[in-house]
Amino acid sequence: LIGERLLDRSQDKHLQGSPSEALAYALAAQDAYRAAGSVPAAVYLALALANRGSAERIIKEAGLTGGFRPDWSAISPVTATEAKGFLIDAGENYRQHSRLITSADYDAMMESLWNAGESFDRAGDAEGAIESFSTFLQGARAACPKRSEGVFRLGQVYESQGTYSIAAGLYEQLIAQRDNPQGFAGVWADRAIVPLARCLINDTGAGPESAANPEAKPEAKPEATPEAKLGEVALGAKEGQAGVEAGVEAGKRGARNQERAIELLTTVIDGGRLLEPEAEEYVQALAELGELHYRRGEYAQAIARLRDAARRDPDSARAATLRYKMADAHRLSAVTLGEEANDEPLVDRRARAAERLEHLREAEQLYRTVAIDLGRKPSGRLSKMEQLIRRNAVFYAADCVYMAGNFAEAARQYLAARDQYPTDPASMMGLVQTVSSLVKLHRWDAAQAVHERAKALLASMPDSVWNEP
């Protein structure tokens, strides 16, 4: 009777939107029922709801939005750990609820399995998410409208773990079912195209199991005979050749995957999937295709695609990353144009030089925009990647000025960058470039003074800083 009353109070508090009080009553009900002999399924559901509600309240108050998984790096580690803990507890309790009711209430069992997968996924617990979503898919009927979403979510979890081949297989399964009139793949098949392309780009065919264990100690072996040593040499040569052949095959596979990825992404952009240009999947396809062109050194195509993506999604969380990659493509285009042939006609060299300067101006402006935009955000809300991008943008902007031949302004910007990041290893390169700029200007005394500052900074830095990105 005490357990029932406590459970009723927990359910009332949940409906009133008070998850912390609901959780307190649910835990008390669990203790009461446990003392009486067994805990009913309804208590685990109440615990799951209260824990999930507590986590979602933290997420909302922290201002985290978008996607299946919150960007935990954008909030304090303490807050993130607390919210994740609530989500994992919710997942465990949803899973226990589904086990207790089993087929007695099929719909409720499947709903709890789904909610368990979502909770684990949002917490970043890949193992729990994979188990729960997999169990859900095993039990889902063919007409279940969440089946296709479940395949997609499972693919997302595998992709987040770097298990690209399994993720790609799940995305392929969805795309193959897109036009099945008896299925529900539709929107999820469209959403699977960009992730499939991403997996194809990242899948090198080398799984975690192929990596050697750096902590493994070599086994002690007896002294080999001369004949055995010759055999080992021959075997080593054979294995070396096999390694070369495997590397060549991996390279061919990577090239095939890239071509397939370009084909998939182009299909989205050119209207083959009937997506609106404002659709999230369309913008994702533009961004991924731009990044793929960037990786391949196809900077003109990269700039065009990244510019289009940034224009369509100017205020999103990824906008700074898109502009940064666009700036990088402009800068690297300038580097390529600087490698001109000496036997080019004068008119061609002048045209190339003008084009190079235009790329440098565009790159500098974009880098500055990225640094300013990210600088407006509270430092505690910047992800590690955003912090890295902001720092690099400051130094690369100065690089563009240096490459353009404006050495006085370059020296000023390098010193300003060094003052902004005085203890960062990147500031060392900033001082080196400052010296180079001053030497170009024949300002020998100033160059010597900055050189001494660089030596003092280098001496003060521990060796470990050079392991940082």
Side-chain angles (χ1 to χ4, degrees), residues 66-67 148-149 151-152 155-156 158-160 162-180 183 185-205 249-314 316-333 336 359 362 366:
S148 295
E149 183 182 354
V151 173
F152 181 84
Q156 293 271 281
Y158 276 116
E159 183 186 351
S160 72
T163 315
Y164 299 116
S165 57
I166 295 178
L170 291 164
Y171 295 140
E172 293 272 24
Q173 177 184 330
L174 278 175
I175 293 169
Q177 292 293 317
R178 183 182 188 275
D179 300 321
N180 181 357
V187 64
W188 298 107
D190 289 337
R191 293 190 68 176
I193 297 173
V194 175
L196 172 58
R198 195 164 51 231
C199 287
L200 290 171
I201 294 166
N202 291 322
D203 183 15
T204 62
E249 183 56 38
K252 291 179 180 178
R253 175 181 176 179
R256 289 194 300 269
N257 283 353
Q258 286 192 2
E259 294 303 324
R260 174 88 196 288
I262 290 174
E263 178 185 341
L264 286 166
L265 295 170
T266 304
T267 298
V268 174
I269 294 167
D270 290 347
R273 286 292 171 174
L274 302 178
L275 290 172
E276 293 295 326
E278 292 76 23
E280 170 67 15
E281 292 76 17
Y282 188 93
V283 180
Q284 282 184 1
L286 282 170
E288 290 292 338
L289 188 53
E291 292 209 22
L292 179 53
H293 283 308
Y294 171 86
R295 292 188 193 186
R296 289 160 64 99
E298 299 162 351
Y299 300 125
Q301 298 97 313
I303 291 167
R305 296 303 190 184
L306 291 169
R307 181 189 293 117
D308 201 2
R311 180 177 62 81
R312 294 174 189 278
D313 200 11
S316 72
R318 68 183 168 204
T321 302
L322 293 175
R323 294 190 186 101
Y324 177 81
K325 286 288 177 66
M326 199 183 348
D328 239 19
H330 276 294
R331 180 178 61 83
L332 293 171
S333 293
T336 302
H359 277 298
E362 289 282 350
L366 284 165

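The figures here come from the full heavy-atom set of this structure, side chains too, leaving out hydrogens, waters and symmetry mates.
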Asker: Would you say that Ile193 contacts Thr267 through its side chain, given a criterion of any heavy-atom pair below 4.5 Å between the two side chains?
Answerer: no
Asker: If you define the side chain from C-beta out and look only at heavy atoms, does anything of His293 sit under 4.5 Å from Tyr299?
Answerer: no
Asker: Sequence neighbours excluded, which residues qualify as side-chain contact (heavy atoms from CB on, under 4.5 Å) partners of Thr321?
Answerer: Ile389
Asker: Gln156 versus Tyr171: any side-chain heavy-atom pair under 4.5 Å?
Answerer: yes
Asker: Whether Arg305 and Asp308 form a salt bridge (side-chain N of Lys/Arg under 4.0 Å from carboxylate O of Asp/Glu) is what I want to check.
Answerer: no
Asker: If the threshold is 4.0 Å, N to carboxylate O, is there a salt bridge linking Arg318 and Glu291?
Answerer: no
Asker: For Ala168, enumerate each residue passing the side-chain contact (heavy atoms from CB on, under 4.5 Å) test, keeping only those at least two apart in sequence or located in another chain.
Answerer: Leu196, Cys199
Asker: Salt-bridge test for Asp328 and Lys325: reply yes if a basic N is under 4.0 Å from a carboxylate O, no otherwise.
Answerer: no
Asker: Would you call Thr266 and Glu263 a side-chain contact if the rule is heavy atoms closer than 4.5 Å?
Answerer: no
Asker: Quick one, Arg312 and Tyr282 - any side-chain contact, counting heavy atoms below 4.5 Å?
Answerer: yes
Asker: Restricting to ring-ring contact (aromatic ring centres under 6.0 Å, His included), what partner residues turn up for Tyr324, sequence neighbours left out?
Answerer: Tyr367
Asker: Ile303 and Glu362: side-chain contact (heavy atoms from CB on, under 4.5 Å), yes or no, with the steps?
Answerer: CA-CA 11 Å; Ile303 291 167; Glu362 289 282 350; over 6 Å; no
Asker: Does some side-chain heavy atom of Leu289 sit less than 4.5 Å from a side-chain heavy atom of Val268?
Answerer: no
Asker: Got Trp188 and Val151 here, is their nearest side-chain heavy-atom distance under 4.5 Å?
Answerer: no
Asker: Does any non-hydrogen side-chain atom of Leu265 lie less than 4.5 Å from one of Val194?
Answerer: yes
Asker: For the CE atom of Met326 and the NE2 atom of His330, what is their distance to the nearest 0.5 Å?
Answerer: 6.5 Å
